[in-house]
**Student:** 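Before I ask anything, let me first share the structure, which is written out below as structure tokens.
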Amino acid sequence: MFKKSGKEIMAAALLMATSAIGPGFLTQTTVFTEKLLYNFGFVIIVSIIIDVVAQVTIWRTLTFSNLKAQQLGNILLPGLGNLLAVCVAFGGLVFNTGNFAGAGMGINAMFEIPNEWGILITAIIVFYLFFSENSLKKLDYVVKFLGILMLVLICIMIFTAQVDFAKLIGFSLLPEVFDVKSTITLIGGTVGGYITFAGAQRLMDAGLVGEEYSSEVIKSASIGILFTGVLRYFLFIGTLSVILTGLSLDAANPTASVFTATFGSAGKVLFGLMIWAASITSVIGATYTSIAFLKDFHPVFEQKKKLFALIFVLVSVTVILVFGKPVNLLLFAGYINGFILPVGLAIVLLSIRNKSIFKKFKYPVFLQFVAWMILLILSGFAIYSLF
């Protein structure tokens, strides 16, 4: 049992982490580093702490009850869970268009193949992974391999980085400037939308439910956040090193500028590999989680889940090929994603009070208080973003 649960812990953690590490993750990290310089280290550390509390709260609650967030939502208020499911699936669908755009860009950078062909090649790979035998094992393997690949690429940047590490550590603990908006953006990008539910769903599908698996769930949730945080911090160091040389980053593609400056002529290919890996793993995470949320609407979603995964991917590919990157739609989905984490977290925190479901559930009052504070902060930012 331990060996099996160990594999599932890592599979869930990496599914969540690689879902978070998409094209937007790379761009946000680069842009905020350019804006805040050494101070950005503190923002990353604060976001990691908040992300761990939010994610552990959600994962522990869902796996203890063996109920999905939308099921808990419908128990609290009929229809609330269904609304959450639709928002998660819609957000995943729309953001997949951006993920496929990133995948096309990556293949273009590596092989100088037109973006459109890169998108189609990526879609075919995703189809194979979802439709082949033992698809869940293959998805786990691909996510693990590409997750490690991304970490290796970023780690290589550290060896060439030239920064004042004493200043780096000092500012990461006590910055001169603290930027609230960048902090909230990082939190939303790491555990917002469908992302925080991806790993919990993976653990539930593997049968790691109930109080006896609480320690494994906490470990998996924490590993996922820490993997994402470490990769972001390393990318921050590499980017900071490039910026301190005085190089102006290309506003249209700042991350590519960092890779080119770091790796020279090989930078374009390595950037392509990095963004393609980030994009396809995000596609896998978005598709897997969105279909899981739709299963409760009708048994047909469970019976034909591979077919609906195909449709889900086809719609995203069609939108990006026919209309290009739908900026307004992406912005709208971004607003929805801004509300998904607060709503999902609220459902979880309110459900804990339901003693018929959580009679033996022991979750520290202090952590519940911290989670409520996070909920209020994220809700305020989500409302502010609408205006």
Side-chain angles (χ1 to χ4, degrees), residues 3-30 44 48 51-52 55 99 102-103 105-107 109-110 121-122 125-126 128-130 132 134-161 189-191 195-196 198-199 201-203 206 216 219-239 255-256 258-259 262-263 266-289:
K3 185 176 180 181
K4 179 184 176 183
S5 65
K7 290 181 179 179
E8 304 299 350
I9 285 170
M10 290 305 300
L14 285 173
L15 179 65
M16 171 267 142
T18 54
S19 295
I21 303 167
F25 173 97
L26 301 177
T27 303
Q28 287 172 1
T29 304
T30 307
I44 295 174
I48 289 173
D51 289 340
V52 167
Q55 181 149 292
N99 293 331
M105 185 189 303
I107 290 182
M110 286 188 286
I121 290 169
T122 305
I125 294 172
V126 173
Y128 168 74
L129 291 173
F130 274 96
S132 59
N134 298 318
S135 58
L136 194 58
K137 288 184 178 180
K138 289 179 180 177
L139 287 172
D140 289 344
Y141 176 78
V142 170
V143 167
K144 182 185 297 183
F145 174 77
L146 293 177
I148 294 172
L149 174 64
M150 288 188 284
L151 183 60
V152 169
L153 287 174
I154 297 299
C155 283
I156 293 173
M157 299 178 71
I158 301 300
F159 292 106
T160 61
T190 305
V191 292
I195 298 170
T196 193
Q201 183 62 49
R202 180 66 184 82
L203 290 174
E216 285 88 345
K219 186 184 296 183
S220 183
S222 301
I223 289 173
I225 294 297
L226 291 175
F227 181 90
T228 309
V230 167
L231 197 145
R232 191 190 292 275
Y233 197 85
F234 284 179
L235 178 59
F236 152 63
I237 295 174
T239 303
T255 309
V258 173
F259 273 77
T262 303
F263 299 107
K268 181 180 178 182
V269 174
L270 292 176
F271 163 74
L273 181 59
M274 179 72 186
I275 196 170
W276 182 80
S279 299
I280 191 172
T281 51
S282 293
V283 167
I284 291 170
T287 304
Y288 176 84
T289 310

**Student:** Check Arg202 with Asp140, please: is the shortest side-chain N to carboxylate O separation under 4.0 Å?
**Tutor:** yes
**Student:** Is there a side-chain contact between Lys138 and Phe130 (heavy atoms, below 4.5 Å)?
**Tutor:**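 No, too far: nothing below the 4.5 Å cut-off.
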**Student:** If you define the side chain from C-beta out and look only at heavy atoms, does anything of Ser279 sit under 4.5 Å from Thr122?
**Tutor:**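 Result no, sub-4.5 Å side-chain heavy-atom pair not found.
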**Student:** Out of curiosity, Thr30 OG1 to Phe25 CZ, how far, rounded to the nearest 0.5 Å?
**Tutor:**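 Thr30 atom OG1 to Phe25 atom CZ measures 9.5 Å (nearest 0.5 Å).
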**Student:** Any donor and acceptor pair, going by atom type alone, linking the side chain of Thr160 with main-chain N or O of Met157 inside 3.5 Å?
**Tutor:**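 The answer is yes, because a donor-acceptor pair under 3.5 Å joins these two groups.
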**Student:** So which atom in Ser19 and which in Gly285 form the shortest heavy-atom distance, rounded to 0.1 Å?
**Tutor:** OG-CA, 3.2 Å
**Student:** Quickly, which of Ile280, Asn99, Leu139 forms a side-chain contact (heavy atoms from CB on, under 4.5 Å) with Val126? Name it, please.
**Tutor:** Ile280
**Student:** Donor-acceptor pair, distance only, cut-off 3.5 Å: does the side chain of Thr281 make one with the backbone of Ala278?
**Tutor:** yes
**Student:** For residues 141-155, please give each side-chain donor-acceptor pair under 3.5 Å, one per line with the distance, not counting sequence neighbours.
**Tutor:**
none

**Student:** For a quick test of reading the model, state the closest non-hydrogen atom pair linking Ile158 to Phe234 and the distance between them.
**Tutor:** CD1-O, 3.4 Å
**Student:** Under the side chain to side chain contact (heavy atoms under 4.5 Å, CB included) rule, what do Val269 and Phe259 come out as? Steps first, then yes or no, please.
**Tutor:** CA-CA 9 Å; Val269 174; Phe259 273 77; over 6 Å; no
**Student:** Given Arg232, which partner from the list Ile48, Thr29, Ile21 fulfils the side-chain contact (heavy atoms from CB on, under 4.5 Å) test?
**Tutor:** Thr29
**Student:** Which distance, rounded to the nearest 0.5 Å, do you find between the CG of Asp51 and the CD1 of Ile195?
**Tutor:** 9.5 Å
**Student:** Is there a donor-acceptor pair under 3.5 Å between the side chain of Gln55 and the backbone N or O of Ala221?
**Tutor:**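 Yes, because the side chain of Gln55 sits within donor-acceptor range (under 3.5 Å) of the backbone of Ala221.
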**Student:** Drop me the distance from Ile275's CD1 to Ile107's CD1, to the nearest 0.5 angstrom.
**Tutor:** 11.5 Å
**Student:** For Gly224 and Ala17, which heavy atoms make the closest approach, and how far apart are they?
**Tutor:**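 Taking Gly224 first and Ala17 second, the nearest heavy atoms are O-CB, 3.6 Å.
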**Student:** Which heavy-atom pair separates Ala109 from Lys268 by the least distance, and what is that distance?
**Tutor:** CB-O, 3.6 Å
**Student:** If you compare all heavy atoms of Met16 against all heavy atoms of Gly199, which two are closest, and at what distance to 0.1 Å?
**Tutor:**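 Looking at all heavy atoms of both residues, the shortest contact is CB-N, 4.2 Å.
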**Student:** Please report the shortest heavy-atom distance between Val283 and Thr287, naming the atom on each side.
**Tutor:** O-OG1, 2.8 Å
**Student:** Please name the residue in the list Thr255, Val258, Leu26 that meets the side-chain contact (heavy atoms from CB on, under 4.5 Å) test with Thr239.
**Tutor:**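 Filter result, single survivor: Val258.
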